[in-house]
Each structure stands twice: as C-alpha cells, then as structure tokens.
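A, B, ... follow the sequence lines: proteins, then strands. Residue 1 opens every chain. Keep in mind that the numbers below use all heavy atoms, side chains included, and drop hydrogens, waters and symmetry copies.
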2 protein chains.
Amino acid sequence: MVFAGQGDARRSMSLLWRTEQPAQRRRGPGPGPRPGLSADAIVTAAIAVADEDGMAALSMRAVGERLGRTAMALYTYVPSKSELLDLMYDAVHAELPTRYAGIDNWRTGLTDWAHDTLAFLLRHPWVLQVSQARPVLGPHEYAGLDTLVRLLNGTGLDASLRRRLVGTLTHFVRGCAGTVAEARQAAAVTGESDEEWWFARSALLGEVAPDFADRYPSLSAMESEGTPQQPPSAPGEEAMPYLEREARETFAVGLDVMLDGIDAAIRRMGTP
Amino acid sequence: MVFAGQGDARRSMSLLWRTEQPAQRRRGPGPGPRPGLSADAIVTAAIAVADEDGMAALSMRAVGERLGRTAMALYTYVPSKSELLDLMYDAVHAELPTRYAGIDNWRTGLTDWAHDTLAFLLRHPWVLQVSQARPVLGPHEYAGLDTLVRLLNGTGLDASLRRRLVGTLTHFVRGCAGTVAEARQAAAVTGESDEEWWFARSALLGEVAPDFADRYPSLSAMESEGTPQQPPSAPGEEAMPYLEREARETFAVGLDVMLDGIDAAIRRMGTP
DNA sequence: CGAAGTTACTTTATGACGTAAGGAGTCGCA
DNA sequence: TGCGACTCCTTACGTCATAAAGTAACTTCG
C-alpha cells in the first residue's frame, strides 16, 4: 500500500483543485533552455508509467526519464512523490462516467456503475494501491462518489443506510478488481501464465500435502463439485486467464447477491 | 502491495508445509558461537515487526536487529524476504478459528466468521498488503478457507454459487479491514487523529471549493441528512476514531445486506 | 553592452533498502 | 592437529526519495 497525501495539505489541495495563484509567473525572468515542463505533463507521464509498468515501477527517475529529464527536475513542479500520487489519483478519476441513463431503475444503474468502475480500476490498477483512509479529496474522486450516491438515491433507502452501501459496494468492486489486477501483474512479472502457475503449484501441493482431501474436506468437495469443465474458447478469441475468469465470475455473482440484499432492504422498508 | 512467493516454488512449499528433510542436520558440524536461530524464530520476529510498525517497516535489517543479528544472518534460514513473507502470512492464519458452534444456522455462523476475520485482519493489518492472486497456498490459509466453505455449505446452495460467495465475502471483509487498518496507520504515522485530520481538511476544502454543495448535490444532501449526531462516548471508555467508527458501521450494515442477498438466493432455490 | 536576478535543470551526496560475495569464528570428527 | 560443515559478519552494489549546491539560459535593469 502506498500512502499519498503526506505532504503539505494546503499546497496539495491547491494543486488538486487548481487554485494556484495565476499571477507571479513570468514576473521578471524567463525560462531556461528547454521547452519547459508542467505539473500536468508530469502527472500524465507518471500515469503512463504506472499504467504500463505498475506501481512498483513508478519512481521519480522513471517519470523523469519518460520526459527526458532527471528525477530532480520534477521537484520544480511537484513537491514530492506523495503529492504526485495525489494528483495522479484524482486525474484518472476524471475517467469515471457521471451520467447513467436509467436513473429510474436503481438496479441497472448500479450494475452499470459496478461494471464501469471495474473497467476503470483494471485500466489503472495502481489506483487500488493508494490508501483509501484519509482519502485524497480531489474534485474527480468526489464526482465519482456523487454519481454513486445519486444512483443509490433511486433505492429510496434512508440516508444512513445509503451511506454504508457506498462503502460496501466500493469494497466489493475494489476487491474483485484487485484480484484481477494482481493476477495480471503476477503473470507479467513472472512470465508464467495462470495455468502454468497453477499446474506447477498443484503438483507441488500434491507432493507436499498428499492428505489434502482429508485435511480440507469441505473445500475439496466444493472444488470437485463446483468447478465446471470450461469450454474451449472459440477460435480467434483470446482465452481469458484462469484467475481472471474466476474473478469475473465472482464479480457477476457477488454483485447480484449484493443487489438482492439491497432489494430486500427496500422491501422491508415498505412492509415494516 | 507486496508480492510474496517470488522465490523457488519447491523450497517455498517445503518450508510452508514443514516437509524439510529432517536428516542432514547436525550431520557433522556444530553451530557457531551463538545459541542459534531458526526459521520459526525469524518468522515470529518478523510478524512482531510487521504488527507493531507496519509492512513498510518490515526490513531484513529490522528483523535481524530484533534477534540481535545482522540482516544477512537471516539468509541462512530463509531464502529471501519474499519467502519470509509467505511464512509469516501462513503462520498468522493459524489464528483463524476453525470451529463454529451454530453450523445449523448459516447466518449466525457467517456473521461470526466475518467478525472473527475482521478482528484477525486488524491484529495483523499487513496481511492485507500481501497479494491475493497467486495465493501463498499454505496449510493454515487453506484451513481458513475450508472453514468458510463449511459454513457456506449450511446454505444448501450450489457448489458453483458457494465458490463465488467465498470471494465475495472475503472481498468485503478485507475491504472493511483495510479502511480501518489504513486509518490507524495514518494516525500513527502522522500523529494526527482522524478528527484533527478531517477538521483541517474540510476547512481547506471549504477554501478551495466554496461551491462544493452545488458541484456534488447528491453527496452533500446525503451527508447532511445521514450523518447522525454522535453521542459523546461514555466516560471512561475510549472514544473510537471517526474513520474507524464509520468503517465498523459499514461492516455491520454491509454484512447484513450481503447475508440478505444470500437469503434471497436460498429462497429462490426453493421456489424456481 | 554587461551585470544581476530568476528560473529550469543537473550533479552530487545521504541514508535507507534487498542481497551477492567473501570472509571469520566455532564445533565434531579424523 | 587439521578438515569440513555450519553460523554469522563485513563489505559492496545498485536501487530508491530527496536535500543541497551548482550550471546554464533567459529577461530586465543600469
């Protein structure tokens, strides 16, 4: 987990909400030899690094290199790596859709929201590694939050209950996204596909725990019963990796279960 | 996020499942001057470091220091930090309860499980920062998984559905635990309480976004409506920090919503 | 025109990290 | 007494964020 927002709070909020004093610039002197960087350019480059190579690869050197500068050049525009992370975090949240057609139907609205949010998190998996407590409090994150609340308003539930549902739904989507993201990263880092990994590991597991079925009877029973034979993927379409397919199944099923639970709360409200 | 299990898979599984060759030891020589370390002692010390000071403070140097050795001394017993993490991860999972009284009542069983798991994760918050994809596959983690599956068996649902519920419930509990854990860590690192933090931040927010209520109408309405006046905590009992209280509310409400969703699935099964 | 001031950027340095390499000390057994 | 096995230490390398100080280019002023 990477902690953002460690720097000067006022400076950080200024940068996030773009309330920097516009004057003062070009007051006397002029720029140096180069075309000149900007905080925006740095944030864009940093997002590209994180998207492509993951949070672990996000170093000031890497961002600087992408811009043809040294790491230290960035500190002219960005106070620290922590603040840069804040800016990156809020910048990508601008991608979240804010308009949903069926506001009258809370269920389809929330389903769409969940799918969009999952897709967003898979485009920018490093977002999951930014601490959630003490949130960044940027304008785009708030916009995303406002959208979710608006969709929840359609349920007609109490404000106090809606408040909790925001966290519940977010936890779930983030959890699913995390599983997929980590599986992808593991595959990228090790160069070993999910299938290869699982094949090797289950062989070792058989060596090392020959009594597996006796030690974990419920788990074993469920696995042998509940694992469907997967159909071979249609020719021409890329087979989805094992762990990712599992995670997406969990997402679909779990989302329906949660929405059923919300539905139950709505019904209960009608007939107390 | 910290990735474990990067080392030699066979060695790692051997260590996890304690299938090291027992011979070979003390074959010819004797130990050096010191009483002698062991993998177990190192794992215990490493868990203590991570529990007390967080994952960021878990360095080989720090663990060695706690044992009165240098960082390099650990490498005699543990192949790498990654493997040490595997061992730590599985070792703490031994704390998870495996017996639950009311197996006949799936709802109370799952509720107890969720509370126990939350408490476990809050005792060892660094567990949340170990990657979930490509799991560690140790005996104690499997025991915890088997327990959850056993409780889910009480629902009578299909194996394929139960499979997905494992992930759904886990994501939710982990998400709640993560919020609390991160809030605690932020408070510990910055020395600033949730209340102080929020007070300072909301003042800045008012400066920087005076039109907040207009920009985020749904969110603002929900906040002003759904935030209860919190009663002053009884004298003598420690007031729970703001963010932690919020997270625990989300946990309680969200868990009930999820269990209602499971209940709906059970009813649907009865009357197709 | 030249000096001074301002900014953009680089170089260098510090103390952290994981861990490779190469000892040094101690013991059992020959 | 010497050898091999074993534990543990010192040193070293390349990485990280970032503090401090230096350099180069430009604008403005004298």
Side-chain angles (χ1 to χ4, degrees), chain A residues 2-8 11 20-21 23-42 45-46 49-50 53-86 88 189, chain B residues 2-8 11 20-21 23-42 45-46 49-50 53-86 88 189:
Chain A
V2 179
F3 282 84
Q6 304 287 50
D8 173 35
R11 175 84 193 273
E20 293 280 79
Q21 294 86 324
Q24 217 102 352
R25 292 268 142 159
R26 284 303 92 79
R27 188 185 39 192
R34 307 276 205 139
L37 243 45
S38 69
D40 276 342
I42 291 171
V49 170
D53 304 323
M55 189 67 120
L58 181 74
S59 68
M60 299 301 270
R61 277 167 175 75
V63 177
E65 205 161 322
R66 183 171 282 253
L67 294 162
R69 312 294 151 92
T70 66
M72 291 311 290
L74 311 181
Y75 286 91
T76 306
Y77 302 94
V78 163
S80 73
K81 190 183 179 183
S82 171
E83 315 274 18
L84 175 55
L85 251 164
D86 281 356
M88 293 167 63
V189 168
Chain B
V2 179
F3 281 83
Q6 304 287 48
D8 173 35
R11 175 84 192 273
E20 293 280 77
Q21 293 85 325
Q24 216 104 351
R25 290 268 142 162
R26 284 300 94 79
R27 186 186 39 192
R34 307 274 207 140
L37 244 45
S38 69
D40 278 342
I42 292 170
V49 170
D53 305 323
M55 187 68 120
L58 180 75
S59 69
M60 299 301 270
R61 281 168 174 80
V63 176
E65 206 162 322
R66 182 171 282 253
L67 294 163
R69 310 294 152 93
T70 65
M72 291 313 289
L74 311 181
Y75 286 90
T76 305
Y77 303 92
V78 162
S80 71
K81 189 183 180 184
S82 171
E83 317 273 18
L84 174 56
L85 252 164
D86 281 356
M88 295 168 61
V189 168

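Among all heavy-atom pairs drawn from A/Val63 and A/Ala45, the shortest one is CG1-CB, 4.2 Å.
Separating the CD atom of B/Glu65 from the P atom of C/dA16 is a distance of 10 Å, rounded to the nearest angstrom. Between B/Leu37 atom CG and D/dC9 atom C1' the separation is 14 Å, expressed in whole Å. One can place CG of A/Leu74 at 9 Å from P of C/dT10, the figure rounded to the nearest angstrom. Rounded to a whole Å, the CE atom of B/Met55 is 18 Å from the C1' atom of C/dA16. Per the geometry, CG belonging to A/Leu84 stands 15 Å off C1' belonging to D/dC16, to the nearest Å. Whole-Å rounding puts the A/Leu67 CG to C/dA8 C1' distance at 14 Å. Remark: C1' of D/dA25 and CZ of A/Arg69 are 14 Å apart, rounded to the nearest angstrom.
Contact annotation: B/Thr70 side-chain N/O to D/dC9 OP1/OP2 distance is under 4.0 Å.
B/Arg61 pairs by the side chain to side chain contact (heavy atoms under 4.5 Å, CB included) definition with B/Ser59, B/Ala71, not counting sequence neighbours. Looking at residues two or more places apart in sequence or on another chain, you find a side chain to side chain contact (heavy atoms under 4.5 Å, CB included) between B/Asp40 and B/Arg18, B/Ser38. Residues passing the side-chain hydrogen bond (donor to acceptor under 3.5 Å, both in side chains) test with A/Arg11, sequence neighbours excluded: none.
Residue-level contact check: A/Ala73 touches the bases, meaning some heavy atom is under 4.0 Å from a base atom.
Note: A/Lys81 NZ to A/Met88 CE = 9.0 Å, rounded to the nearest 0.5 Å. Atom CG of A/Leu37 is separated from atom CD1 of A/Ile42 by 4.5 Å, given to the nearest 0.5 angstrom. Atom CG of residue A/Leu84 and atom OH of residue A/Tyr75 lie 9.0 Å apart, to the nearest 0.5 angstrom.
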*Determine, step by step, whether A/Asp86 and A/Glu83 satisfy the side-chain contact (heavy atoms from CB on, under 4.5 Å) criterion, reporting the C-alpha distance in whole Å, the side-chain angles of both residues, the deciding distance to 0.1 Å, and the verdict.*
CA-CA 5 Å; A/Asp86 281 356; A/Glu83 315 274 18; 3.9 Å; yes
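With contacts defined as side-chain heavy-atom distances shorter than 4.5 Å, the pair B/Met55/B/Leu85 qualifies.
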*Using a 4.0 Å heavy-atom cut-off, write out nucleotides 17-22 of chain D from 5' to 3' as B (base contacted by protein), S (sugar-phosphate only) or - (no contact).*
BBBB--
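Taking five base pairs at each end of the helix from C/dC1-D/dG30 to C/dA30-D/dT1 and finding the rotation axis that steps the C1' atoms of four pairs onto the next four gives two axes whose angle is 40°, to the nearest 10°.
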